[in-house]
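Notes follow the structure.
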Amino acid sequence: MPNESPTSRWLVTTAWLAERLGTPATVIVDGSFYLPAMKRDAAAEYLAGHIPGAVRFDIDAISDHSNPLPHMLPDNKQFASEVGALGIADSDTIVVYDGAGMFSAPRVWWTFRLFGAENVFILDGGFPKWKAERRPVETGPVKRAPRTFEARKAGDIVASLDAVRAALQSKSTQVVDARPADRFVGAAPEPRAGVRSGHMPGAFNVPSSAMVENGSLASPEKLRAAFAAGNVDLDRPIITSCGSGVSAATLWLALDALGKEPKALYDGSWSEWGARDDLPVEPKA
């Protein structure tokens, strides 16, 4: 098992990956995704340049299309079918990266692990670091031969709205929101139409940006300091949340690096809670 990073057992270095380019047992996945405000086109950027051999994992495409919420998790059958078609088996060594450095790759990593893949890793520093080191880049689409992915979802690490509501009411589990502080306190509008500003009463705020430094996972000391600043008790159970379930996975990666793997991730996150008028919000409008 690769373990090139002192920060997390799930991170690999650009040098480690460069040595394995083209090896059949290593599948490279471009998991780039951007918020509308970022004004970036993940599909176009992938075609314009990616790590050689990388296939593109589109979190909006490989999602539950019957759910009106953004990129909610698909079921086992859909995930197995679409990921197998990309040429990925659950037994492969999978390395995920994104074009921002460390933004959406943790969500793709977490999703693969959720569906049963065990050897899934994140490229520390992502595509920006790869390019900065002048490593090889290729353009255009990548087509791998189809593989069989045996999907087996560990559903107990996905928190439902009811589970989150119960955790907030009983205070038995901490709900930690990874959105930026200005959105958490309601001072900045939400990027999605119809979603209120503010946060769940009783939730804690630890912005995912505090987990990342120059496109890499921050040091354990900085991670601990960020959770302490958010008044989060690392010795108590945690459900991670964010805007739509993406940066919540960055918190998951950080907590795992500290030996404090979360209890669950709230897939609906604020895009679900904030869109419902029957759920309380702070600060009150």
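The first residue in the sequence is number 1, and the count goes up from there.
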Worksheet item: For V95, which of V29, L11, V12 qualifies under side chain to side chain contact (heavy atoms under 4.5 Å, CB included)?
Response: V12
Can you confirm whether or not the ring centre of [X] sits under 6.0 Å from the ring centre of [Y]?
X    : Y   : value
F103 : Y34 : no
F112 : F79 : yes
H71  : F33 : yes

Worksheet item: Which is it for R183 and E190 under the salt bridge (charged side-chain N to carboxylate O under 4.0 Å, His left out) test, yes or no, and what are the steps along the way?
Response: CA-CA 7 Å; R183 285 170 58 192; E190 285 299 303; 2.8 Å; yes
Distance-only donor-acceptor check, side chains [X] and [Y], under 3.5 Å:
X    : Y    : answer
S66  : D64  : yes
R165 : S160 : no
T26  : T23  : yes

Discussion item. D75: which residues meet the salt bridge (Lys or Arg N to Asp or Glu O under 4.0 Å) condition with it, sequence neighbours left out?
Written reply: none
Worksheet item: Got a second to check how far L69's CG is from W273's CH2, nearest 0.5 Å?
Response: 14.0 Å
Worksheet item: Out of curiosity, I28 CD1 to T93 OG1, how far, rounded to the nearest 0.5 Å?
Response: 11.5 Å
Please table the atom pairs, donor to acceptor, closer than 3.5 Å between any side-chain atom in residues 224-234 and protein atoms at least two apart or in another chain.
from	atom 1	to	atom 2	distance (Å)
D233	OD1	D235	N	2.9

